[in-house]
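Computation of the quantities below employed the complete heavy-atom set of this structure, encompassing side-chain atoms and omitting hydrogens, waters and symmetry-equivalent molecules. Numbered from 1 within each chain, the chains take letters A, B, ... in sequence-line order.
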Protein chains: 2
Amino acid sequence: MKKINVKKGAVLQRKGDISSRVYLVESGLLRSYTIDEKGKEHIFMFGPEHWLVADSCEPNTPCQLFIDAIEDTIINIALKEDLLKEGPDLNALLRRLNTMQNRIIMLMSSNAKERYEHFIKTYPNIIQRVPLKMVASYLGITPEALSRVRHDLSLEK
Amino acid sequence: MKKINVKKGAVLQRKGDISSRVYLVESGLLRSYTIDEKGKEHIFMFGPEHWLVADSCEPNTPCQLFIDAIEDTIINIALKEDLLKEGPDLNALLRRLNTMQNRIIMLMSSNAKERYEHFIKTYPNIIQRVPLKMVASYLGITPEALSRVRHDLSLEK
DNA sequence: CCTATGCATTGATGTACATCAAGAAATGAC
DNA sequence: GTCATTTCTTGATGTACATCAATGCATAGG
């Protein structure tokens, strides 16, 4: 468990790396994302303070995710093996499963506006800290679409 | 850990239930799915033999998923608490996280045809066992769209 | 301070997929 | 076997969102 400081923009892990590192965010903000064959970027998750950020790849297989810092960030680095040995935080694991389950359901059942409203409710503090185009990438829509959703919502009030 | 037989069509769990049961499939096929506010059904996952099927809801909160049997199925039922106590299968948990991560990436980056091809590659044995409309529901597209994807693919060869 | 780069917005157009509707084929009940 | 129900396909139309392009605003670097 090694504590380090990373500067905004620093890349901790690249797609294709073989790594079983896990990053526990103490302060700041990480993000994990992938780049598909068409060159498009998709944010998998944001990692604000107290979140665990990691690629859930199998041991000794190439990672699918890039991980980098959106803000200057202080992280604790651990290895999956070590976490597993010392008895991992099972509740954290369950919570993570739950988060991912919600995400999948949302991606399958919601349109752009619903996704945005859900995001705002679930992560009210993230929206002020990242450019909107990253929010769009997380939601699975384009920045243009997000801009229009926000415009429409502002009219409704 | 109780072993039971369930008939095709039997419902093991409903959305809104408070349940921390986990179903280990010995033979047969389960499915978990949700029904959204618009009344549309979305299959979250299929559970063929040796899979673990469960709602990843937090303890004592209502489930989001229905779980039922697509075929006559033999399952072992356990409680999450018990599994946690006796040291859960961590590798299975990691594999599950990986599966869900892949699903999220797929939903964000792939079109209907790519999703279908990915499904065929990943679950080659499921496709013969379920109606295509369930495959469509799993992929997040309509049965009509799936039918056309399959038609186009058959022409390509 | 000025300029370059990235970000957000807006409009015009394109497209993948949804929806609706009808018919054919398969499946199941009796 | 026959009838009813569900499933699958095909066509016509609709729509949410993507894409492309232009412009105004910030922000950062020299």
B:Arg31 to B:Phe66 six-membered ring, cation-pi geometry met (6.0 Å, 45°): no
Taking atom types as modelled and ignoring hydrogens, do the side chains of B:Asn91 and A:Glu58 form a donor-acceptor contact shorter than 3.5 angstrom?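 Note: B:Asn91 and A:Glu58 side chains miss the donor-acceptor criterion.
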Side-chain H-bond candidate by donor/acceptor type, B:Gln101 with A:Asp55, under 3.5 Å: yes
Does B:Lys38 NZ have over 12 foreign heavy atoms under 6.0 Å away? yes
Does a sphere of radius 6.0 Å around CG in B:Asn60 hold more than 12 heavy atoms from other residues, nucleotides or ligands, not counting ones at 6.0 Å or beyond? no
Taking OP1 and OP2 of D:dT10, is either one under 4.0 Å from a side-chain nitrogen or oxygen of B:His151?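 Checking B:His151 against D:dT10: at least one side-chain N or O falls below 4.0 Å of OP1 or OP2.
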Measure the distance from CD on A:Glu41 to P on C:dG6 and round it to the nearest whole Å.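 A:Glu41 atom CD is separated from C:dG6 atom P by 13 Å.
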B:Asp152 CG to D:dT9 P: how many Å, rounded? 12 Å
Side chain to side chain, B:Ile74 and B:Val25, heavy atoms closer than 4.5 Å: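 Counting from C-beta outward, B:Ile74 and B:Val25 never come under 4.5 Å.
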What is the bend of the helix from C:dC1-D:dG30 to C:dC30-D:dG1 when you compare the axis at one end with the axis at the other, using five pairs each and rounding to 10°? 60°
Determine, using ring centers only, whether B:Tyr123 and B:Phe46 are less than 6.0 Å apart.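 Centroid separation for B:Phe46 and B:Tyr123: 6.0 Å or greater.
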Show the numbers, then the answer: is there a salt bridge (charged side-chain N to carboxylate O under 4.0 Å, His left out) between A:Glu49 and A:Arg129? CA-CA 12 Å; A:Glu49 31 288 315; A:Arg129 294 165 67 182; 2.8 Å; yes
Under a 3.5 Å distance rule, please check whether A:Ser19 uses its side chain to pair with a backbone N or O of A:Asp17 as donor and acceptor. no
Do you know the tightest heavy-atom contact between B:Ile18 and B:Thr61?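 Smallest heavy-atom distance, with atoms named: CD1-C, 3.7 Å.
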Quick check on contacts: within residues 120-138 of chain A, what sits under 4.0 Å from DNA chain C by heavy-atom distance? A:Pro131, A:Leu132, A:Lys133
What string of B, S and - do you get for nucleotides 14-30 of chain C 5' to 3' if you count protein non-hydrogen atoms under 4.0 Å? ---SSBB-------S--
